[in-house]
Amino acid sequence: MTMYCIKRLLLGLAFLLCSILCAQDDLTGYLQPKIAINYAISDSYHHNFSLGNRTYIFKDENFTLEPRQIDLIHFSNLKTRDNQSLAFGIQYRFREVFDNEKHNELRLTQQYNITSKPRVIRFGHRLRSEQRLLKKLTIHRFRYRFTIDFPLQGEQLDIGETYLVANTEAILNVAKSFRPQYDQRFTANLGWLFNEGTKFQLGIEYRFENYSSKTENIFFALTSLILTL
């Protein structure tokens, strides 16, 4: 498949996504900005810190601007081979300050990642297991994500140029108190490489949550500032 065909395919998927969004009656929409900092300890070991916010922009068939949560996240990444890595993460989600009926969450993550780049396009496979520790409930999550990314000018990404990242992720949620829940996510981000240590991304994400029972349709408008020290 040529680069031209891939771009046309992605544009077609974006148009299809917009059509789906317009047709949904039970849609929830969020704005989700994030800032992330990557810090290398050595060539094979680095840390990632990020701060994210999630705010309602569409809820109960009405436009709104209502904060929902704040996430603090840390990952430690160990490169085991040139194209493979292991990571361990910890996340704390603040919900109670925005909704007295909800609880804060502590999340532990274990991750394996492998990439390949036969030509211009890089392919990524990510496996994750998570433990979501809530006040009265522990949810175990198992996730698989497939990603492609490539520069939009030339065969390699240079300073000042743009790139595209697209992925899909399947998720299984299990807990003692309820039936297994299956989710599917589709994400696309357009990015800019400002300099060697600064990237900025704009993206959209669509989620089908609990699609084996009563599907929840969720849309995200994403922004990310990524700094590498």
Side-chain angles (χ1 to χ4, degrees), residues 30-55 67-99 102-115 122 124-147 149 163 165 167 169-175 183 185 187 189 191-203 205 207 209 218 220-229:
Y30 295 103
L31 175 65
Q32 186 161 282
K34 182 180 72 172
I35 181 170
I37 299 175
N38 298 312
Y39 178 72
I41 303 298
S42 65
D43 290 340
S44 59
Y45 180 65
H46 71 272
H47 293 288
N48 174 272
F49 301 89
S50 64
L51 172 65
N53 166 261
R54 186 177 297 178
T55 299
R68 183 182 188 271
Q69 67 196 43
I70 292 176
D71 292 315
L72 291 175
I73 306 170
H74 169 259
F75 270 91
S76 294
N77 297 271
L78 177 65
K79 183 186 292 185
T80 56
R81 294 186 180 180
D82 288 340
N83 67 332
Q84 299 179 39
S85 65
L86 297 173
F88 300 92
I90 184 169
Q91 172 179 341
Y92 195 80
R93 172 167 292 173
F94 296 90
R95 287 289 311 274
E96 294 177 5
V97 67
F98 303 111
D99 188 341
K102 301 296 182 180
H103 301 293
N104 295 341
E105 175 186 333
L106 176 65
R107 185 180 304 187
L108 306 177
T109 302
Q110 305 81 43
Q111 174 179 298
Y112 169 71
N113 193 73
I114 182 170
T115 62
R122 180 170 59 181
H125 304 271
R126 190 183 75 182
L127 293 172
R128 272 186 176 180
S129 62
E130 295 178 337
Q131 300 80 48
R132 301 181 59 185
L133 307 176
L134 302 168
K135 189 173 183 179
K136 297 182 180 180
L137 178 68
T138 297
I139 302 173
H140 297 273
R141 236 182 191 183
F142 304 94
R143 309 169 59 164
Y144 166 71
R145 189 184 74 178
F146 173 71
T147 302
D149 68 86
Y163 60 93
V165 183
N167 64 64
E169 184 172 29
I171 301 175
L172 168 63
N173 302 275
V174 293
D183 306 334
R185 301 178 180 180
T187 310
N189 281 283
W192 291 264
L193 179 64
F194 292 141
N195 54 54
E196 291 184 356
T198 307
K199 293 179 179 179
F200 181 73
Q201 295 181 175
L202 286 174
E205 180 172 291
R207 299 182 180 181
E209 295 199 347
I218 303 175
F220 287 81
L222 308 171
T223 64
S224 300
L225 177 63
I226 304 167
L227 306 174
T228 301
L229 304 180

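Note that the coordinates shown come from a computational prediction; the quantities given were computed from them, not determined experimentally.
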Give, for atom [atom1] of [X] and atom [atom2] of [Y], the distance between the pair rounded to the nearest 0.5 Å.
X: Asn77; Y: Ser44; atom1: CG; atom2: OG; answer: 11.0 Å
X: Arg54; Y: Leu31; atom1: CZ; atom2: CG; answer: 11.0 Å
X: Thr187; Y: Glu169; atom1: OG1; atom2: CD; answer: 7.5 Å
X: Ile139; Y: Arg107; atom1: CD1; atom2: CZ; answer: 8.5 Å
X: Ile41; Y: Leu78; atom1: CD1; atom2: CG; answer: 12.0 Å
X: Asp82; Y: Asp43; atom1: CG; atom2: CG; answer: 10.5 Å

Show which side-chain atoms of residues 221-229 pair as donor or acceptor with protein atoms under 3.5 Å away, not counting sequence neighbours.
none

- [ ] Heavy atoms only: give me the nearest Gln84-Ile114 pair and the separation to one decimal.
- [x]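 Taking Gln84 first and Ile114 second, the nearest heavy atoms are CG-CG1, 3.7 Å.
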
TODO: Of all the heavy-atom pairs spanning Ser76 and His74, show the shortest one and how long it is.
DONE: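 Scanning both residues completely, I find the closest heavy atoms to be OG-CE1, 3.0 Å.
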
Looking at [X], I'd like to know if its [atom1] atom is crowded, meaning that more than 12 non-hydrogen atoms belonging to other residues, nucleotides or ligands lie closer than 6.0 Å.
X: Asn195; atom1: CG; result: yes
X: Arg122; atom1: CZ; result: no
X: Tyr39; atom1: OH; result: no

Pairwise side-chain contact, [X] with [Y], heavy-atom cut-off 4.5 Å (strictly under):
X: Ile37; Y: Asn48; result: no
X: Tyr30; Y: Ile218; result: yes
X: Ile70; Y: Phe98; result: yes
X: Gln110; Y: Phe88; result: yes
X: Asp71; Y: Gln91; result: yes
X: Arg95; Y: Glu105; result: no
X: Lys102; Y: Glu96; result: no

- [ ] Determine, stepwise, if the pair Arg145 / Thr147 fulfils side-chain hydrogen bond (donor to acceptor under 3.5 Å, both in side chains).
- [x] CA-CA 6 Å; Arg145 189 184 74 178; Thr147 302; 3.2 Å; yes

Could you label the plane-to-plane angle of the [X] and [Y] rings as parallel, tilted or perpendicular, counting under 30° as parallel and over 60° as perpendicular?
X: Tyr92; Y: Phe94; result: perpendicular
X: Phe194; Y: Phe200; result: parallel
X: Tyr144; Y: His125; result: parallel

Task: All side-chain contact (heavy atoms from CB on, under 4.5 Å) counterparts of Asn113, not counting sequence neighbours - done: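 Scan of Asn113 (side-chain contact (heavy atoms from CB on, under 4.5 Å), adjacent residues dropped) gives Ser85, Gln111, Thr115, Arg126.
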
Open item on the list: Under 4.0 Å between a side-chain nitrogen and a carboxylate oxygen: does that hold for Glu205 and Arg207?
Closed with: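 Arg207 and Glu205: salt-bridged.
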
Task: Results of ring-ring contact (aromatic ring centres under 6.0 Å, His included) for His140 - residues two or more places apart only - done: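 His140 satisfies ring-ring contact (aromatic ring centres under 6.0 Å, His included) with no residue once adjacent residues are dropped.
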
Open item on the list: For His47 together with Phe75, are the ring centres under 6.0 Å from each other?
Closed with: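 Centroid distance Phe75-His47: not below 6.0 Å, so no.
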
- [ ] Carefully, step by step, assess Leu108 and Ile90 under the rule side chain to side chain contact (heavy atoms under 4.5 Å, CB included).
- [x] CA-CA 5 Å; Leu108 306 177; Ile90 184 169; 4.0 Å; yes

Open item on the list: Quick one: does any side-chain atom of Asn53 pair with a main-chain N or O of Gln32 as donor and acceptor, under 3.5 Å?
Closed with: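 Not at all, since once roles are kept as given, no pair shorter than 3.5 Å links the two residues.
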
